[in-house]
Undergrad: 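Sharing a structure with you now.
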Amino acid sequence: MKIAIMGAMPEEIKPILEKLDAYEKVDFAKNSYYKGKYKSLDVVVAYSKIGKVFSTLTATTMLEMFACDILLFTGVAGAVNPDLKIGDLVVATKLAQHDLDITIFGHPHGFVPGGSVYVESDPDLRALAKIVAQKMGVEVHEGIIATGDQFIASEERKEFIAKTFKADALEMEGASVAVVCDALDVPFFILRSISDAADMDAGFNFEEFVESSAKISADFLMRLLDELIERLVV
Ligand code: ADE
């Protein structure tokens, strides 16, 4: 069993690399992949760089070249649901591309022929996350994540994304990773910790909280890995 662990930015995978027992760096397609061991598990860790294109390339590489069997994504997101506060954890139930738009031809936002507006994440991994949350005594929200190639710092755009996709959080990589995993039939899990509220203060808040929120998400992901290992061994 080989696990892909992905983030989009260095801050998002740094806490993961620090917990690996050993790893080597493999460079491919202008990116670095860290192949290593976490306890009994083979893992490949990488940050893709920001956005849907880079995250598609990295997810595909992890599954096809490194032959990973499961993909786990960790990182930060902007809150859409007003109940979500900075540092809160959100597990994506399903993901959509909020900037995919051929509505002029009568299609819904986020849809192109041959695809679907939403891609659902793996229910077993989500169930495992609930068990981990219970054991840790932390609250983990489940919700819809909307992805696009824009850093959102506007109430108006946030409102559009909330209304159109019923999204709880937004970011810039989840849905593209979901599309890759779905196409290649690989179970995936997308975890985010809130860094900002995608409003006028988002840029400022993001800079202040990206590191701490990224660590909250990465630390939870490692606990999920522990739980996965326990279940694989038993
Ligand atoms: N990731 C974290 N905050 C974000 C925002 N406001 N827009 C897009 N991606 C984000």
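Note that these values count all heavy atoms, side chains included, but never hydrogens, waters or copies made by symmetry. Counting starts at 1 for both ligands and their atoms, following the listed order.
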Undergrad: Below 4.0 angstrom, N of the basic side chain to O of the carboxylate: do Asp219 and Lys19 qualify?
TA: yes
Undergrad: Salt bridge or not for Glu227 and Lys135, using N-O below 4.0 Å?
TA: yes
Undergrad: Whether Lys37 and Asp42 form a salt bridge (side-chain N of Lys/Arg under 4.0 Å from carboxylate O of Asp/Glu) is what I want to check.
TA: yes
Undergrad: With backbone taken as N, CA, C and O and side chain as the heavy atoms from C-beta onward, which portion of Ala77 lies under 4.0 Å from ligand 1: side chain, backbone, both, or neither?
TA: backbone
Undergrad: Taking only heavy atoms of Ile152 into account, list the atoms of ligand 1 that are under 4.0 Å away from them.
TA: 5 (C), 6 (N), 7 (N), 8 (C)
Undergrad: Starting from atom 3 (N) of ligand 1, what is the nearest protein heavy atom, named by residue and atom, and what distance separates them?
TA: Asp196 OD2, 2.6 Å
Undergrad: Between Lys130 and Glu142 (salt bridge meaning N to carboxylate O under 4.0 Å), is one present in this structure?
TA: yes
Undergrad: Going by an N to O cut-off under 4.0 Å, is there a salt bridge joining Glu120 and Arg126?
TA: yes
Undergrad: Just going by heavy-atom distances, which of Ile161, Leu170, Thr147 is nearest to atom 10 (C) of ligand 1?
TA: Leu170
Undergrad: Under 4.0 Å between a Lys/Arg side-chain N and an Asp/Glu carboxylate O for Arg192 and Glu12?
TA: yes
Undergrad: Are any of the heavy atoms in Arg192 under 4.0 Å away from ligand 1?
TA: no
Undergrad: Ligand 1 and Gly78, any nitrogen or oxygen pair closer than 3.5 angstrom?
TA: yes
Undergrad: With heavy-atom distances below 4.0 Å as the criterion, list the atoms of ligand 1 near Ser195.
TA: 2 (C), 3 (N)
Undergrad: Considering heavy atoms of the protein only, find what lies nearest to atom 4 (C) of ligand 1 and give residue, atom and distance to 0.1 Å.
TA: Phe151 CE1, 3.4 Å
Undergrad: Taking Glu139 first and then Lys85, would you say they form a salt bridge - that is, a charged N and a carboxylate O separated by under 4.0 Å?
TA: no
Undergrad: Give the atom numbers and elements of ligand 1 that come within less than 4.0 Å of a heavy atom of Ala198.
TA: 6 (N)
